[in-house]
Undergrad: 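I'd like to ask you about the structure that follows.
Proteins get letters first, then strands, A, B, ... in listed order; numbering begins at 1 in each. Reckoned from all heavy atoms, side chains included, excluding hydrogens, waters and symmetry mates.
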2 protein chains.
Amino acid sequence: MITNQRYEKIMDCLNERGTASVNDLVDITNSSTATVRRDLTHLESKGLLKRVHGGATVEQMEREEDYTEKSVKNLSKKLKIAQIASELIEDGDTVFIDAGTTTYEMMPFIKASEVTVVTNSITLIDQLVRNGHQTIVLGGRVKPATKAVVGHDVIEKLRTLSFDKCFIGVNAIDLHHGFTTPDEDEAYIKKTAVEHSRRAFVLADSSKFERSAFVKFAQLEEASIITEDPDHPFLVKARSGTEITGGESNDIYRDV
Amino acid sequence: MITNQRYEKIMDCLNERGTASVNDLVDITNSSTATVRRDLTHLESKGLLKRVHGGATVEQMEREEDYTEKSVKNLSKKLKIAQIASELIEDGDTVFIDAGTTTYEMMPFIKASEVTVVTNSITLIDQLVRNGHQTIVLGGRVKPATKAVVGHDVIEKLRTLSFDKCFIGVNAIDLHHGFTTPDEDEAYIKKTAVEHSRRAFVLADSSKFERSAFVKFAQLEEASIITEDPDHPFLVKARSGTEITGGESNDIYRDV
DNA sequence: TTAAAAATGATTGAAAATGATTATTAATGA
DNA sequence: TCATTAATAATCATTTTCAATCATTTTTAA
C-alpha cells in the first residue's frame, strides 16, 4: 500500500470514529506499528489529527482544549481571525457559515442585524439562535465526529441558494493545490458554497500555509484569506505570484 | 481501549444517566478502579463532570425544570412514556422522531441497534449522535423557541421518505378534534410524518386528554397513543366510542 | 542494470499508563 | 458516639506504548 492511501485510510477511520488506537490502524493499513506511528506524526504535523497516548483523535469541536501555552496562543489567533471575519457581515446579509472550530468562534462577534445564516453545522445553531439570527440548517446525514451535516441533499440545496458572503474553514493552503481539506464530503460542500457566494472568505491561521490536504475545494483566487498575520511570507509570495494576479476583487484579505 | 475512548464512554454514560458509580464505569470501560478514578480526576479538572463519593455526576443543564412537586411528577410521567416509546424501536428500524420535550426523553432509552433516526429537532441530534445512531436532520428554518426545524423544505423532504415508525409529541387530544397542537408549521410536519409512517405513535401524558389546541394534525385512529395511564377514563371512552372502532391495527396503546 | 534514496519493519531502552496493594479517609448504622 | 463498611489516595510492580536506531526492502534516478 502506498503512503497516501494509508494516510487516507487513517483519516477516514478517524473522521468516522473520532478516535482510533495504533493497533486499530495497524490492522486497517496492514502496516507495522512503526509505520503507523510515522504516519501519525506526519499527519499531526499537518494539523489533521492529534496524537494521544495509544492512538490519535480528530478535534471534536467540543472544548477539550488543554490550556497549555500553545493552545491559548492558537485560540487567540482563532479569535482574532473570527472577529475579523464577523465584522465583514453587514446588516441584511445572507451568509453561509461552514462547520469548523474557527467559524464557531465567529458567533459572539456577529453584530450585524437582520442577518440570515445558512449552515451545515449543528454545533453553530445553538449560538446562532441564541443571538437572534435567522438560522437555516441544511438537511442530511449528521457526521458524528464533527456534527456537520453532509451528503447529497446538502449540495442539492446549496445549489438553489445564493449568498452575499460565505465563511469557510480550511485545513491547508498552498500555491499549487489551493485550498484543501481532508474530508471529501465536506470539501464538496465548501466548494459549492464558494461557487454560490458573491464573495468567499477562507478562515486560516498561518499554521495552515504551505501545506496541503487531500481534497481541493477552491483555487487561491476564488476566495479571500482571513488570517492573523497578513504579512506572512507565504501571503507575500502568493500576492506576487502569477497564481493570483487574475483576482482583482478577491485579493488576499490583509487587514488585522 | 485507549484513554480517549474511555473518556468518551464515561462522559456518554454520565450524559445519559446523570450519575454513575465507579463500579458502573469499571464495568463499562473494562478497566480497574484505579484507572477509572484517574480518569474521573482528569475529567473533573476539565470541568466535564463532578466527582462525588462513590462515583461522578454531570450537571443536567438541559433540564430547566423548576423542581416543584408538580414538575417532578410530570417528569416521571414523561420518562415512563418515553421509555415505553423507545422500546417500540426495533433493530434496523428507520424512524421519525418529532421535536418536543417528551420525545427528547426517549434518547437514553433507545437500545435497538442499526437504527436510523430522522428528526427536525436540533436538540435531539446531540444525544442521537452520541449514542451512535445514524442521524438525519431535516433542513430548513430553525425556530428559535423550540429549536425545531420548520418550513416547506421539511415537508417536501418528508414526502420523499417513509418510516417504519414515527414518534410525535402533542399538545391536546380529544374525541372531536383528534390530535392537535398550537403551531401550524409544526402541525403540518407532524401530519406529514404520520402519513409517511407504517405505524404512528403519539406521546401524551394524561394531562393532554380532553383538550384541544388550534391545529389538528391527525385523527385519533391514525396513531396509537402512548401514555402513562392506560386506564384513564378518556381512553376507555375513546376505545368504546365510534370514533376509533375502525382502527384494528392502530389501537390505543395500553401497556405500561 | 546499478547506485542512491526513501520507506518500511524489527529491536531496544525509556516513558507512560495501568492494575494491585495498602494505608487513610469518608459514609453508614447501631 | 463508636464501630463497621465502603471509598479513596498513594505507592509500587507490571504491562503497554513510545521514540530512536539500524537492517532490510522498495522505489527512484542515473
Undergrad: dA17(C) P sits how many Å from R51(A) CZ, rounded?
TA: 13 Å

Undergrad: What is the distance, rounded to the nearest whole Å, between atom CG of D24(B) and atom P of dA7(D)?
TA: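 That distance rounds to 11 Å.
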
Undergrad: Closer than 4.0 Å, any side-chain N/O of R38(B) to the OP1 or OP2 of dT11(D)?
TA: no

Undergrad: Atom CG of N23(A) to atom C1' of dT17(D): distance rounded to whole Å?
TA: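 Between C1' of dT17(D) and CG of N23(A): 9 Å.
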
Undergrad: Write down the distance between CG (N30(A)) and P (dG9(C)), rounded to a whole number of angstrom.
TA: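 After rounding, the reported distance stands at 10 Å.
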
Undergrad: Heavy atoms under 4.0 Å, any strand shown: does V52(A) hit a base, just sugar-phosphate, or nothing?
TA: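 Answer is sugar-phosphate: V52(A) comes under 4.0 Å of backbone atoms only.
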
Undergrad: Can you find a pair of side-chain heavy atoms, one from R6(B) and one from S31(B), that are under 4.5 Å apart?
TA: yes

Undergrad: Ignoring backbone atoms, test whether T35(B) places a side-chain nitrogen or oxygen under 4.0 Å from the OP1 or OP2 oxygen of dG19(C).
TA: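 Yes.
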
Undergrad: Using the side-chain heavy atoms of H53(B), tell me which of these nucleotides is nearest: dA20(C), dA26(C), dC18(D).
TA: dA26(C)

Undergrad: Before accepting this row, confirm whether a basic side-chain N of the pair K190(A)/D98(A) lies closer than 4.0 Å to the acidic partner's carboxylate O.
TA: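 Salt bridge between K190(A) and D98(A), a charged N being under 4.0 Å from a carboxylate O: yes.
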
Undergrad: Under a 4.0 Å N-O cut-off, is there an ion pair linking K143(A) with E186(A)?
TA: yes

Undergrad: Indicate yes or no: does R141(A) engage D153(A) in a salt bridge with an N to O separation below 4.0 Å.
TA: no

Undergrad: To the nearest Å, give me how far apart CG (N4(A)) and P (dT8(C)) are.
TA: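 Nearest whole value for this atom pair: 10 Å.
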
Undergrad: Taking only the side-chain nitrogens and oxygens of R6(A), find out if one of them lies under 4.0 Å from OP1 or OP2 of dT8(C).
TA: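 It does, given that an N or O in the side chain of R6(A) lies less than 4.0 Å from OP1 or OP2 of dT8(C).
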
Undergrad: By nearest atom, which of the nucleotides dG9(C), dT17(D), dA9(D) is closest to the S31(A) side chain?
TA: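 Minimum distance to the S31(A) side chain belongs to dG9(C).
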
Undergrad: For DNA chain C, whose closest nucleotide is more 5', that of T33(A) or that of D39(A)?
TA: D39(A)

Undergrad: Which whole-number value in Å describes the distance from M1(B) CE to dT17(D) P?
TA: 12 Å

Undergrad: Would you say T3(B) places a side-chain N or O within less than 4.0 Å of OP1 or OP2 belonging to dA16(C)?
TA: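 So the side chain of T3(B) is outside the cut-off, no N or O lying under 4.0 Å from OP1 or OP2 of dA16(C).
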
Undergrad: Rounded to the Å, how far apart are R37(B) CZ and dA20(C) C1'?
TA: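 Interatomic distance, CZ of R37(B) to C1' of dA20(C): 13 Å.
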
Undergrad: Is V115(B) close to Q134(B) at the side-chain level, that is, under 4.5 Å between some pair of heavy atoms?
TA: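 Side-chain contact under 4.5 Å: no.
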
Undergrad: Round to the nearest Å and state the distance from E44(A) atom CD to dC18(D) atom C1'.
TA: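 Between C1' of dC18(D) and CD of E44(A): 13 Å.
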
Undergrad: Could you work out which one of dT8(C), dG9(C), dC18(D) sits closest to the side chain of S32(A)?
TA: dG9(C)

